2 protein chains.
Amino acid sequence: MTVTETETADEAVEPDVCTTGEAPHPQPDGRDRYTISEVAAICGLSAHTLRWYERIGLMPHVDRSHTGQRRFTNRDLDWLGLVGKLRLTGMPVADMVRYAELVREGDHTFPERHQLLVTTREDVRHRIAELQETLAVLDFKIDTYAAARRLPERPERTA
Amino acid sequence: MTVTETETADEAVEPDVCTTGEAPHPQPDGRDRYTISEVAAICGLSAHTLRWYERIGLMPHVDRSHTGQRRFTNRDLDWLGLVGKLRLTGMPVADMVRYAELVREGDHTFPERHQLLVTTREDVRHRIAELQETLAVLDFKIDTYAAARRLPERPERTA
DNA sequence: CGCTTGCTTGGAGTGCACTCCAAGTTCGTA
DNA sequence: TACGAACTTGGAGTGCACTCCAAGCAAGCG
């Protein structure tokens, strides 16, 4: 419910906006135009990767300065935040590009976007469950090693 | 504590055994020699991948029939179960090979193995936390789309 | 015995997600 | 204005984890 409070609330609901429900990107000094290396530093991707994301359509066409250099906006940063989260889920880049295309296509793709996110959410829940099973296995094996350390076959308790 | 009951309990603690704390592999009819395609069907890896695992040292040298064909044991199946779990964590194959080497090297590698598993466990906990954050973001965005559906910009409630 | 299916090997090929290169342009500061 | 750092592009290269191929051997069946 901590919705962006700095936003001009002229639109009530706009799901294609890049917001993730977290505070919008920290705007160090109210700026809204970042160079590629600044963005790389902020979001942890390389400049190479950012250019590549744009080339393949995973970024919604970044604005340019009058000399042709990229100038990323806070909105771009928010989008990259969402992309980063989706990437953590293991979603293939191609699927994220698909989502980006749907956003560009306009409001009539809301249902498909909704469906894509719901499916992804199920995947994430499944992965969490898998990881928790794995955690149990690791706990078991770590206990086993700890037990072996307490009861060594050749006692070396003094060493 | 549900340790293998079919095992000749001549060793009290044996961490390098492949057991994962779960029941040992279901032995359909008490067999202990499986062909490569049977193992592929059981553990969901391709025969190609199983051969590759052996080649790179991720399998502890599979036994052969008198004509040179692979014959996997229940113990191999259990090891593959552990490998599968570790793979789910995103652990690189090279690290799993390292673990397999430690197992082959003998008991004196217990501490390093223990450390490797503890580190992996921390990674897994971290990934679970990341995924849960991602889940929160997905919930937020899905809610947003659901709200957009309830309040469409061009009302089409009858359609 | 012949046929089909499955297994063996080393090595080559694939798909993904970057990651880097070369050659040229622009920015910021001394 | 000069200079090094940062930026631009298309295209090529890298590393990982498989995935497949070709040529040949082996097993079961009519």
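Convention: sequence-line order gives letters A, B, ...; per-chain numbering from 1. Remember, predicted model here, so these are calculated numbers, not experimental data.
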### Summary
A/Asp95 CG to C/dG15 P, in whole Å, measures 17 Å
#### Entry: Separation of C/dT25 P from A/His66 NE2 (nearest whole Å)
16 Å
### Task
Check the distance between D/dA17's P and B/Leu88's CG and give it to me in whole angstrom.
14 Å
### Message
What contact category does B/Ser46 fall into here, base, sugar-phosphate, or nothing, at under 4.0 angstrom with non-hydrogen atoms?
### Response
nothing
### Query
Contact class for A/Arg51 (heavy atom, under 4.0 Å): base, sugar-phosphate, or nothing?
base
### Query
When you check the phosphate oxygens OP1 and OP2 of D/dC18, does a side-chain N or O of B/Tyr53 lie under 4.0 Å from one of them?
yes
### Task
Please test B/Gln115 against B/Thr119 for side-chain hydrogen bond (donor to acceptor under 3.5 Å, both in side chains), starting from the C-alpha separation and ending with a verdict.
CA-CA 6 Å; B/Gln115 185 53 53; B/Thr119 304; 3.2 Å; yes
### Query
Salt-bridged, A/Glu101 to A/Arg98, with N to O below 4.0 Å?
yes
### Between B/Thr73 and B/Asp76, a side-chain donor and acceptor under 3.5 Å
yes
### Query
Side chain of B/Trp52: nearest nucleotide among C/dA17, C/dT9, D/dC18?
D/dC18
#### Entry: Rounded distance in Å - CD (B/Gln69) to P (D/dG28)
9 Å
### Message
If the test is salt bridge (Lys or Arg N to Asp or Glu O under 4.0 Å), which one of B/Arg70, B/Arg33, B/Arg71 qualifies with B/Asp63?
### Response
B/Arg33
### Query
Please give, in whole Å, the distance from C/dC7 C1' to B/Glu54 CD?
13 Å
### Message
Of the options D/dA17, C/dT8, C/dA17, whose atoms approach the side-chain atoms of B/Arg64 most closely?
### Response
C/dT8
### Message
Heavy-atom nearest nucleotide on DNA chain D for B/Arg87 versus B/Thr67: which residue maps closer to 5'?
### Response
B/Arg87
### Query
Taking atom P of D/dC7 as reference, at what distance in whole Å does atom CG of A/Asp63 sit?
16 Å
### Task
Tell me which of A/Ser65 and B/Arg55 sits closer to the 5' end of DNA chain C, going by the nucleotide each one is nearest to.
B/Arg55
### Query
When we call it a touch if two heavy atoms are under 4.0 Å apart, what does A/Thr35 touch: a base, just sugar-phosphate, or nothing?
sugar-phosphate
### Query
For the pair made of CD1 in A/Ile36 and C1' in C/dT19, what is the distance, rounded to whole Å?
13 Å
### Query
Parallel, tilted or perpendicular for A/Tyr145 and B/Phe110, by the 30°/60° rule?
perpendicular
### Message
If you compare every side-chain N and O of A/Arg70 against the phosphate oxygens of D/dC7 (OP1, OP2), does one of them come in below 4.0 Å?
### Response
no
### Task
For the side chain of A/His48, starting at C-beta, report the closest nucleotide among D/dA17, C/dC18, C/dT19.
C/dT19
### Summary
B/Arg98 CZ to D/dC16 P, in whole Å, measures 17 Å
